[in-house]
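Read the structure below first, then the notes.
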Amino acid sequence: MLIYNSLTRTKEEFKPNDGKTVKIYACGPTPYDYSHLGHARVYIIWDVIQRYLRLIKGYDVIYVRNITDVEDKIINRAKAEHTTPEMVARRFTYEFWRDMESLNIERPHSEPRASEYIGEMIEFIKGLIANGHAYVVDGDVYFQVASLPQYGQLTKQKLEDMMVGAREQVVAQSELEKRKKHPADFALWKGYEASADSGKYQGFGEDIRWQYGWESPWGRGRPGWHIECSAMVKSLLGETIDLHGGGEDLLFPHHENELAQSTALHNKPLARFWVHNGFIQVNSEKMSKSLGNFNTIRALLEQYSADEIRLFILQTHYRNPIDFTPESLQASKTALQRLVRAVECLRYKNPDKKDLPAQPSQELIPQTPLACYNNFHNEFRRAAMDDDFNTAKAVACLFKLADKIMETPEIEEKQKAAKVLVDYAGVLGLTLADERQKVPADTSKKLIDLLLQLRSEAKEKKDYKTSDMIRAALTQYGISVMDTKEGSIWEVDLATDQSAATPVKK
RNA sequence: GGCGGCAUAGCCAAGUGGUAAGGCAGAGGUCUGCAAAACCUCCAUUCCCCAGUUCAAAUCUGGGUGCCGCCUCCA
């Protein structure tokens with residue numbers, strides 16, 4: 001199969017390094033706020049990559065996704081809320097997990113937190129100082145960019161060219177830059193005392209940055225942004241992994257610097273393939289916190305199901321930008337119904353079972369020579385997913401199969417094909433669960449009121465047979481109906497309710 | 001200033017040398033007490049513009065126009 005490699009900027013034939021185990025490291029969230037649709041896209045994409053390599057390609061996959069819980073934005077939020085960085089990170093890590101669960105994103109095998117790997121980072125930095133790629137200035141440690149001839153290889157930038165931008169944007173920014181030997185040198189370790197803006201954190205009682213620091217050979221401080229990934233990759237997966245990636249914004253400086261650190265220490269490539277996804281845009285501008293044009297996953301889930309959001313995202317190739325509009329999401333919602341209806345026939349045989357299985361079957365390779373999906377398997381894999389995870393094409397395959405299912409009159413054939421559809425949709429993380437009869441919570445109240453209105457109309461017509469039938473039915477459902485002078489009132493029958501519940505006290 | 005991406009029907013979006021996937025919307029039909037849903041059929045002679053290469057270009061080359069991203073926290 002082919003995967004586009006950001007490092008070479010071409011699609012390359014992919015095989016795991018050892019032939020069967022794929023080591024994946026995807027850059028995870030910084031938990032300082034709720035996640036938005038852009039985050040959803042990255043993790044949905046990696047979820048699909050991971051599922052495809054495991055379920056269809058049959059590789060053993062080790063999937064690691066970190067949590068950056070040591071970061072300035074967390075510290076700033078903690079300061080604003082008069083709490084601790086740990087509390088902020090923990091809270092939003094939980095919120096992140098909830099969102100991931102809601103989107104039917106499978107858990108990675110490991111989710112290392114930066115704060116758990118400070119020791120490994122310090123060792124890593126010590127190695128870089130020892131072999132001359134890093135230098136210490138007053139408790140700070142910087143990576144010396146000029147010491148690595150291939151620096152800039154990932155983003156194809158020359159050091160001289162970077163200085164032009166650096167001159168305008170970076171150098172003037174702070175006194176701190178005077179410490180660096182080159183403007184592009186980046187911090188491996190930020191010393192507390194040396195921190196140029198540490199002063200502004202005083203006056204809040206205890207200095208949060210001081211609390212949130214670790215002892216190191218260079219004094220108290222905290223790690224720079226990029227070192228965590230290098231150290232955790234090394235610790236959990238080894239010196240060279242198969243796939244590494246994240247959002248395209250991470251290419252520079254984050255991944256360039258990770259690559260530099262790891263190359264400088266190991267003299268080996270950090271990752272064989274670098275995979276980066278495009279952004280979600282709003283009105284052709286990127287969706288971001290700073291522009292304030294983002295939609296949280298939490299908010300979107302109130303109106304759209306996980307399947308709908310996933311379909312929306314997977315209908316575009318992962319490297320292209322997606323322009324988000326409410327209409328485009330609505331289009332995916334409508335489209336999904338076609339797939340759901342196509343697999344409705346699976347319920348024909350067992351009418352008692354109202355829902356499809358939550359987990360798709362693992363038997364993914366059908367041997368039945370049914371005409372309706374003869375080429376489906378091949379098309380989905382070879383033409384679509386094997387070509388740089390072309391989920392847009394894969395989704396089109398699902399729709400074509402759905403049409404074939406609709407056309408097929410014979411029930412058993414329909415069901416066989418529908419099973420295939422469910423299984424392959426599962427590779428994309430789509431459940432195809434039928435939610436058409438899922439009603440809002442307050443609908444039952446409205447329905448009871450409607451029944452009581454019909455009942456009172458029946459009573460006025462002296463149609464006591466109907467009115468008694470309504471009351472009897474409601475009673476059977478645990479609703480007590482009482483007629484008063486002002487009209488009928490109702491309540492949930494407590495006795496019925498309690499009989500169903502487990503007693504709390506004995 | 002450096003690096004990079006995109007431009008395909010009303011909208012979204014695949015396709016990167018062989019004659020335009022798929023989705024939404026729209027039109028017609030079947031069904032139907034009414035309504036809705038569903039199902040079937042149709043819907044780009046053409047891929048931002050100009051020039052070139054080729055038997056053949058949306059796809060390759062050169063030029064132009066427009067939009068966007070990274071270089072600073074960002075998925």
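Proteins get letters first, then strands, A, B, ... in listed order; numbering begins at 1 in each. We use all heavy atoms of the structure for the numbers below, so side chains are in, but hydrogens, waters and symmetry mates are not.
For the OP1/OP2 pair of B/A38 and a distance below 4.0 Å, the side-chain nitrogens and oxygens of A/Arg341 include at least one atom meeting the criterion. Distances shown here put every side-chain N or O of A/Asn320 at or beyond 4.0 Å from the OP1 or OP2 atom of B/G5. For B/C74, the OP1/OP2 oxygens have a side-chain nitrogen or oxygen of A/Trp225 closer than 4.0 Å. At the phosphate of B/G5, neither OP1 nor OP2 sits under 4.0 Å from any side-chain N or O atom of A/Arg319.
Nearest nucleotide to the A/Asn390 side chain, out of B/G15, B/G4, B/G69: B/G15.
Using modelled atom types, one finds no donor on one side chain facing an acceptor on the other under 3.5 Å when comparing A/Thr30 with A/Glu71.
Within 4.0 Å (heavy atoms only), A/Leu250 reaches sugar-phosphate atoms of the nucleic acid but no base atom. Among the atoms of the strands shown, only primed sugar atoms or phosphate atoms (P, OP1, OP2) are found under 4.0 Å from some heavy atom of A/Thr155. Residue contacts for A/Ile280: at a heavy-atom cut-off of 4.0 Å it reaches a base atom on one of the strands shown. Note on A/Lys286: a base of the nucleic acid sits closer than 4.0 angstrom, heavy atoms only. At a threshold of 4.0 angstrom between heavy atoms, the contacts of A/His36 include nucleobase atoms, whether or not backbone atoms are also involved. A/Gly28 comes within contact range of no nucleotide atom at all, as no heavy-atom separation falls under 4.0 Å. When heavy atoms are screened at a 4.0 angstrom cut-off, A/Gly247 is found touching the sugar-phosphate backbone but no base atom.
For the pair A/Leu7 CG and B/G4 P, the computed distance is 13 Å after rounding to whole Å. Going from atom CG of A/Leu336 over to atom P of B/A37 covers 17 Å, rounded to whole Å. Taking atom CZ on A/Phe324 and atom P on B/A13, their separation rounds to 13 Å, with Å as the unit. Atom CD in A/Gln157 sits about 13 Å away from atom P in B/G5, given to the nearest Å. If you take OH of A/Tyr151 and C1' of B/C71, they are 10 Å apart, rounded to a whole angstrom.
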Quiz prompt | Sugar-phosphate or base contact per nucleotide [nucleotides 18-29 of chain B; S, B, -; heavy atom under 4.0 Å] | solution = ---BSSSS----

Exercise. Give the C-alpha distance, both sets of side-chain angles, the deciding distance and a yes or no for side chain to side chain contact (heavy atoms under 4.5 Å, CB included) between A/Phe376 and A/Lys404.
Key: CA-CA 10 Å; A/Phe376 171 78; A/Lys404 292 281 169 55; over 6 Å; no

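B/G69 has no stacking from A/Phe279 on its base ring, since the centres under 5.5 angstrom apart and planes within 30 degrees of parallel are not both found.
Heavy-atom distances to RNA chain B give each of A/Thr30 and A/Ile322 a nearest nucleotide, and the one nearer the 5′ end belongs to A/Ile322. Between A/Glu71 and A/Gln281, the residue anchored nearer the 5' end of RNA chain B, judged by the nucleotide with its closest heavy atom, is A/Gln281.
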